[in-house]
There are 2 protein chains.
Amino acid sequence: MVTKQFSGSPEDADLRRADSLAREIFSDVANKWALLIIEAMGEHTLRFSELRNEIEGISHKMLTQNLRMLERNGLVDRTVHPTVPPRVEYALTEAGRGLRRTVDSMCDWTHQYLGDIEDSRRRFDT
Amino acid sequence: MVTKQFSGSPEDADLRRADSLAREIFSDVANKWALLIIEAMGEHTLRFSELRNEIEGISHKMLTQNLRMLERNGLVDRTVHPTVPPRVEYALTEAGRGLRRTVDSMCDWTHQYLGDIEDSRRRFDT
DNA sequence: CGGGATCCCAGATGATACTG
DNA sequence: CAGTATCATCTGGGATCCCG
(Lines give C-alpha, C1' and ligand atoms only; values in the text may rest on other atoms or scores of the structure.)
Protein backbone atom coordinates (compact mmCIF):
# COMPACT_ATOMS: atom_id res chain seq x y z
CA MET A 1 0.00 0.00 0.00
CA VAL A 2 2.85 2.29 0.70
CA THR A 3 5.30 0.98 -1.82
CA LYS A 4 5.78 2.61 -5.14
CA GLN A 5 7.75 -0.12 -6.93
CA PHE A 6 5.99 -1.99 -9.69
CA SER A 7 7.35 -3.81 -12.68
CA GLY A 8 6.06 -2.71 -16.02
CA SER A 9 4.23 -5.97 -16.64
CA PRO A 10 0.59 -5.67 -17.70
CA GLU A 11 -0.72 -7.88 -14.87
CA ASP A 12 0.55 -5.21 -12.52
CA ALA A 13 -1.96 -2.74 -13.89
CA ASP A 14 -4.68 -4.09 -11.59
CA LEU A 15 -2.38 -3.98 -8.61
CA ARG A 16 -1.43 -0.44 -9.38
CA ARG A 17 -5.07 0.56 -9.70
CA ALA A 18 -6.03 -1.12 -6.43
CA ASP A 19 -3.05 0.46 -4.76
CA SER A 20 -3.87 3.98 -5.84
CA LEU A 21 -7.49 3.45 -4.82
CA ALA A 22 -6.35 2.20 -1.42
CA ARG A 23 -4.21 5.29 -1.03
CA GLU A 24 -7.12 7.48 -1.96
CA ILE A 25 -9.38 5.83 0.59
CA PHE A 26 -6.66 5.99 3.18
CA SER A 27 -6.22 9.70 2.56
CA ASP A 28 -9.97 10.25 2.90
CA VAL A 29 -10.26 8.30 6.10
CA ALA A 30 -6.97 9.04 7.85
CA ASN A 31 -7.87 12.49 9.03
CA LYS A 32 -8.74 13.74 12.45
CA TRP A 33 -12.35 14.73 11.87
CA ALA A 34 -13.37 11.64 9.94
CA LEU A 35 -11.99 9.36 12.64
CA LEU A 36 -13.55 11.37 15.44
CA ILE A 37 -16.92 11.24 13.71
CA ILE A 38 -16.67 7.47 13.30
CA GLU A 39 -15.65 7.10 16.91
CA ALA A 40 -18.50 9.32 18.08
CA MET A 41 -21.12 7.37 16.17
CA GLY A 42 -20.20 4.01 17.61
CA GLU A 43 -23.30 1.83 17.58
CA HIS A 44 -25.66 4.77 17.86
CA THR A 45 -27.88 6.49 15.39
CA LEU A 46 -27.30 10.18 15.76
CA ARG A 47 -28.75 13.35 14.35
CA PHE A 48 -26.59 16.01 12.79
CA SER A 49 -26.94 18.26 15.79
CA GLU A 50 -26.18 15.44 18.19
CA LEU A 51 -22.96 14.67 16.37
CA ARG A 52 -22.10 18.34 16.45
CA ASN A 53 -22.52 18.33 20.22
CA GLU A 54 -20.63 15.10 20.73
CA ILE A 55 -17.54 16.18 18.85
CA GLU A 56 -15.80 19.00 20.60
CA GLY A 57 -14.65 21.77 18.34
CA ILE A 58 -16.02 20.57 15.03
CA SER A 59 -17.59 23.21 12.85
CA HIS A 60 -20.83 22.94 10.95
CA LYS A 61 -18.89 22.91 7.72
CA MET A 62 -16.37 20.23 8.66
CA LEU A 63 -19.14 18.00 9.95
CA THR A 64 -21.23 18.16 6.78
CA GLN A 65 -18.19 17.88 4.59
CA ASN A 66 -16.85 14.80 6.32
CA LEU A 67 -20.27 13.20 6.60
CA ARG A 68 -20.69 13.55 2.83
CA MET A 69 -17.33 11.99 2.27
CA LEU A 70 -18.08 9.11 4.62
CA GLU A 71 -21.45 8.60 2.99
CA ARG A 72 -19.86 8.56 -0.43
CA ASN A 73 -17.44 5.87 0.66
CA GLY A 74 -20.30 3.84 2.10
CA LEU A 75 -19.16 4.08 5.71
CA VAL A 76 -22.18 6.00 6.92
CA ASP A 77 -25.88 5.68 6.24
CA ARG A 78 -27.86 8.88 5.97
CA THR A 79 -31.60 8.76 6.61
CA VAL A 80 -33.81 11.78 6.01
CA HIS A 81 -37.17 11.84 7.76
CA PRO A 82 -39.55 14.02 5.75
CA THR A 83 -40.89 15.89 8.74
CA VAL A 84 -40.82 19.54 9.47
CA PRO A 85 -38.40 20.55 10.71
CA PRO A 86 -36.34 17.87 8.95
CA ARG A 87 -34.77 15.10 10.95
CA VAL A 88 -31.61 13.54 9.52
CA GLU A 89 -30.00 10.56 11.13
CA TYR A 90 -26.60 9.04 10.64
CA ALA A 91 -25.35 5.56 11.49
CA LEU A 92 -22.34 3.45 10.59
CA THR A 93 -22.69 0.84 7.90
CA GLU A 94 -21.03 -2.56 8.23
CA ALA A 95 -17.90 -1.18 6.56
CA GLY A 96 -18.03 1.78 8.89
CA ARG A 97 -18.26 -0.45 11.94
CA GLY A 98 -15.26 -2.35 10.68
CA LEU A 99 -13.26 0.83 10.53
CA ARG A 100 -14.53 1.84 13.93
CA ARG A 101 -12.90 -1.20 15.47
CA THR A 102 -9.52 -0.01 14.26
CA VAL A 103 -10.23 3.50 15.52
CA ASP A 104 -11.16 2.02 18.87
CA SER A 105 -7.82 0.31 19.10
CA MET A 106 -6.14 3.55 18.17
CA CYS A 107 -7.93 5.24 21.07
CA ASP A 108 -6.89 2.42 23.37
CA TRP A 109 -3.34 2.88 22.21
CA THR A 110 -3.53 6.60 22.91
CA HIS A 111 -4.58 6.04 26.49
CA GLN A 112 -2.12 3.24 27.02
CA TYR A 113 0.85 5.41 26.10
CA LEU A 114 -0.47 8.71 27.38
CA GLY A 115 2.11 8.89 30.16
CA ASP A 116 5.04 7.82 28.03
CA ILE A 117 4.16 10.34 25.38
CA GLU A 118 3.80 13.12 27.90
CA ASP A 119 7.26 12.29 29.28
CA SER A 120 8.80 12.08 25.84
CA ARG A 121 7.40 15.46 24.95
CA ARG A 122 8.78 17.07 28.07
CA ARG A 123 12.20 15.63 27.34
CA PHE A 124 12.08 16.72 23.72
CA ASP A 125 10.94 20.25 24.49
CA THR A 126 14.18 21.10 26.29
CA MET B 1 -12.18 10.72 24.49
CA VAL B 2 -14.70 12.26 22.23
CA THR B 3 -17.18 13.37 24.82
CA LYS B 4 -17.20 16.88 26.12
CA GLN B 5 -19.37 16.46 29.21
CA PHE B 6 -17.73 16.80 32.60
CA SER B 7 -19.15 17.73 35.95
CA GLY B 8 -17.55 20.66 37.69
CA SER B 9 -16.11 18.50 40.48
CA PRO B 10 -12.41 18.93 41.21
CA GLU B 11 -11.57 15.23 40.76
CA ASP B 12 -12.62 15.68 37.16
CA ALA B 13 -9.72 18.02 36.58
CA ASP B 14 -7.35 15.12 35.97
CA LEU B 15 -9.78 13.48 33.64
CA ARG B 16 -10.20 16.65 31.70
CA ARG B 17 -6.45 17.07 31.42
CA ALA B 18 -5.92 13.50 30.26
CA ASP B 19 -8.77 13.90 27.84
CA SER B 20 -7.40 17.04 26.24
CA LEU B 21 -3.96 15.45 26.03
CA ALA B 22 -5.45 12.40 24.37
CA ARG B 23 -7.17 14.64 21.88
CA GLU B 24 -3.94 16.44 21.18
CA ILE B 25 -2.09 13.20 20.56
CA PHE B 26 -4.91 11.94 18.43
CA SER B 27 -4.78 15.09 16.33
CA ASP B 28 -1.03 14.72 15.88
CA VAL B 29 -1.19 11.11 14.90
CA ALA B 30 -4.44 10.89 12.94
CA ASN B 31 -3.14 12.45 9.79
CA LYS B 32 -2.29 10.89 6.49
CA TRP B 33 1.45 11.47 6.44
CA ALA B 34 2.14 10.43 10.00
CA LEU B 35 0.30 7.16 9.52
CA LEU B 36 1.97 6.46 6.19
CA ILE B 37 5.37 7.07 7.73
CA ILE B 38 4.63 4.69 10.57
CA GLU B 39 3.35 2.10 8.15
CA ALA B 40 6.41 2.48 5.93
CA MET B 41 8.84 2.01 8.79
CA GLY B 42 7.37 -1.23 10.00
CA GLU B 43 10.11 -3.24 11.67
CA HIS B 44 12.86 -1.66 9.58
CA THR B 45 15.45 0.93 10.33
CA LEU B 46 15.37 3.42 7.50
CA ARG B 47 17.34 6.43 6.45
CA PHE B 48 15.69 9.71 5.66
CA SER B 49 16.15 9.24 1.94
CA GLU B 50 14.86 5.69 2.09
CA LEU B 51 11.70 6.84 3.78
CA ARG B 52 11.34 9.54 1.18
CA ASN B 53 11.52 6.91 -1.55
CA GLU B 54 9.16 4.52 0.20
CA ILE B 55 6.39 7.03 0.65
CA GLU B 56 4.98 8.13 -2.63
CA GLY B 57 4.31 11.82 -2.95
CA ILE B 58 5.70 13.03 0.35
CA SER B 59 7.78 16.17 0.18
CA HIS B 60 11.07 16.73 1.93
CA LYS B 61 9.44 19.22 4.22
CA MET B 62 6.45 17.09 5.21
CA LEU B 63 8.74 14.18 5.96
CA THR B 64 11.06 16.12 8.28
CA GLN B 65 8.16 17.88 9.91
CA ASN B 66 6.27 14.69 10.65
CA LEU B 67 9.41 12.84 11.73
CA ARG B 68 10.08 15.60 14.26
CA MET B 69 6.57 15.35 15.56
CA LEU B 70 6.76 11.56 15.85
CA GLU B 71 10.11 11.84 17.57
CA ARG B 72 8.74 14.38 19.99
CA ASN B 73 5.91 12.05 20.92
CA GLY B 74 8.36 9.21 21.40
CA LEU B 75 7.05 7.07 18.55
CA VAL B 76 10.23 7.20 16.52
CA ASP B 77 13.90 6.89 17.43
CA ARG B 78 16.33 9.08 15.55
CA THR B 79 19.97 8.01 15.35
CA VAL B 80 22.62 10.27 13.86
CA HIS B 81 25.84 8.62 12.72
CA PRO B 82 28.62 11.19 12.82
CA THR B 83 30.02 10.26 9.44
CA VAL B 84 30.44 12.35 6.39
CA PRO B 85 28.14 12.56 4.65
CA PRO B 86 25.83 12.19 7.64
CA ARG B 87 23.73 9.08 8.03
CA VAL B 88 20.50 9.44 9.98
CA GLU B 89 18.37 6.43 10.75
CA TYR B 90 14.83 6.18 11.97
CA ALA B 91 13.05 3.30 13.66
CA LEU B 92 9.84 2.83 15.59
CA THR B 93 9.96 2.77 19.37
CA GLU B 94 7.84 0.34 21.35
CA ALA B 95 5.04 2.88 21.46
CA GLY B 96 5.44 3.40 17.74
CA ARG B 97 5.18 -0.30 17.06
CA GLY B 98 2.03 -0.39 19.12
CA LEU B 99 0.49 2.28 16.96
CA ARG B 100 1.70 0.51 13.85
CA ARG B 101 -0.42 -2.49 14.72
CA THR B 102 -3.53 -0.35 14.61
CA VAL B 103 -2.41 1.21 11.34
CA ASP B 104 -1.88 -2.26 9.95
CA SER B 105 -5.43 -3.19 10.79
CA MET B 106 -6.58 0.00 9.13
CA CYS B 107 -4.74 -1.03 5.98
CA ASP B 108 -6.28 -4.48 6.18
CA TRP B 109 -9.67 -2.87 6.50
CA THR B 110 -9.01 -0.70 3.45
CA HIS B 111 -8.22 -3.70 1.30
CA GLN B 112 -11.07 -5.73 2.68
CA TYR B 113 -13.66 -3.14 1.71
CA LEU B 114 -11.96 -1.83 -1.41
CA GLY B 115 -14.62 -3.24 -3.71
CA ASP B 116 -17.57 -2.14 -1.58
CA ILE B 117 -16.20 1.35 -1.32
CA GLU B 118 -15.60 1.58 -5.04
CA ASP B 119 -19.19 0.53 -5.68
CA SER B 120 -20.56 2.93 -3.11
CA ARG B 121 -18.64 5.77 -4.70
CA ARG B 122 -19.95 4.98 -8.14
CA ARG B 123 -23.51 4.95 -6.83
CA PHE B 124 -23.03 8.19 -4.93
CA ASP B 125 -21.44 10.02 -7.84
CA THR B 126 -24.58 9.86 -9.95
C1' DC C 1 -33.04 21.63 11.46
C1' DG C 2 -29.97 20.36 8.09
C1' DG C 3 -27.20 21.98 4.65
C1' DG C 4 -25.61 24.54 0.62
C1' DA C 5 -23.01 28.82 -1.04
C1' DT C 6 -19.90 32.51 -0.36
C1' DC C 7 -16.29 35.11 1.45
C1' DC C 8 -11.98 35.25 3.65
C1' DC C 9 -7.97 34.36 6.35
C1' DA C 10 -4.42 31.54 8.82
C1' DG C 11 -1.93 27.87 8.37
C1' DA C 12 -0.42 23.87 5.63
C1' DT C 13 2.41 22.66 1.97
C1' DG C 14 5.63 22.94 -2.11
C1' DA C 15 9.81 24.85 -4.34
C1' DT C 16 14.13 26.62 -3.87
C1' DA C 17 18.34 27.88 -1.92
C1' DC C 18 21.75 27.52 1.75
C1' DT C 19 24.59 25.04 5.60
C1' DG C 20 27.21 21.51 8.36
C1' DC D 1 22.97 13.41 2.98
C1' DA D 2 20.07 15.52 6.21
C1' DG D 3 18.17 19.51 7.76
C1' DT D 4 16.80 24.55 8.04
C1' DA D 5 15.04 28.86 6.25
C1' DT D 6 12.63 31.61 3.16
C1' DC D 7 9.23 32.69 0.03
C1' DA D 8 5.07 31.84 -2.77
C1' DT D 9 0.97 29.33 -3.09
C1' DC D 10 -2.93 27.02 -2.17
C1' DT D 11 -6.20 24.73 0.65
C1' DG D 12 -8.59 23.89 5.00
C1' DG D 13 -11.60 25.61 7.66
C1' DG D 14 -14.35 29.32 10.17
C1' DA D 15 -18.07 32.86 9.80
C1' DT D 16 -22.07 34.15 7.81
C1' DC D 17 -26.15 34.25 5.13
C1' DC D 18 -29.88 32.06 2.86
C1' DC D 19 -32.94 28.08 1.48
C1' DG D 20 -36.32 23.97 1.82
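Hydrogens, waters and symmetry mates are skipped; everything else that's a heavy atom, side chains included, is used.
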| Check: B:Asn31/A:Asn31 side-chain N/O donor and acceptor closer than 3.5 Å | no

| query | Does B:Arg47 pair with B:Glu50 as a salt bridge, N-O distance under 4.0 Å? | reply | no

| query | Is there a donor-acceptor contact under 3.5 Å linking the side chains of B:Tyr113 and A:Glu94? | reply | yes

| query | Judged by atom type as modelled, is there a donor-acceptor pair below 3.5 Å linking the side chain of A:Arg72 to the main-chain atoms of B:Ser120? | reply | no

| Does a side-chain N-to-carboxylate-O contact under 4.0 Å join B:Asp14 and B:Arg17? | no

| note | Note: chain B reaches DNA chain C at heavy-atom distances under 4.0 Å over the stretch, first to last nt, 5' to 3', of C:dT13 to C:dG20

| message | Here's a test for you: under side-chain contact (heavy atoms from CB on, under 4.5 Å), which of B:Val88, B:Ile37, B:Leu51, B:Asn53 qualifies with B:Leu46? | response | B:Leu51

| In whole angstroms, how far is the P atom of D:dC1 from the CD atom of B:Glu50? | 11 Å

| message | My understanding is that only one of A:Thr93, A:Leu70, A:Thr45 makes a side-chain contact (heavy atoms from CB on, under 4.5 Å) with A:Asp77; could you say which? | response | A:Thr93

| remark: Note: contacts of residues 59-73 of chain B with DNA chain C (heavy atom, under 4.0 Å) are B:Ser59, B:Lys61, B:Met62

| Quick one: B:Leu51 CG to D:dG3 C1', roughly how many Å, whole number? | 14 Å

| query | Would you call B:Glu118 and B:Arg121 a salt bridge, using N to O less than 4.0 angstrom? | reply | no

| said: Tell me which residues in residues 42-49 of chain A lie within less than 4.0 Å of DNA chain C, going by non-hydrogen atoms. | reply: A:Arg47, A:Phe48, A:Ser49

| query | Are any of the side-chain nitrogens in B:Arg52 or B:Glu54 under 4.0 Å away from the carboxylate oxygens of its partner? | reply | no

| request: Salt-bridge test for A:Asp104 and A:Arg100: reply yes if a basic N is under 4.0 Å from a carboxylate O, no otherwise. | output: yes

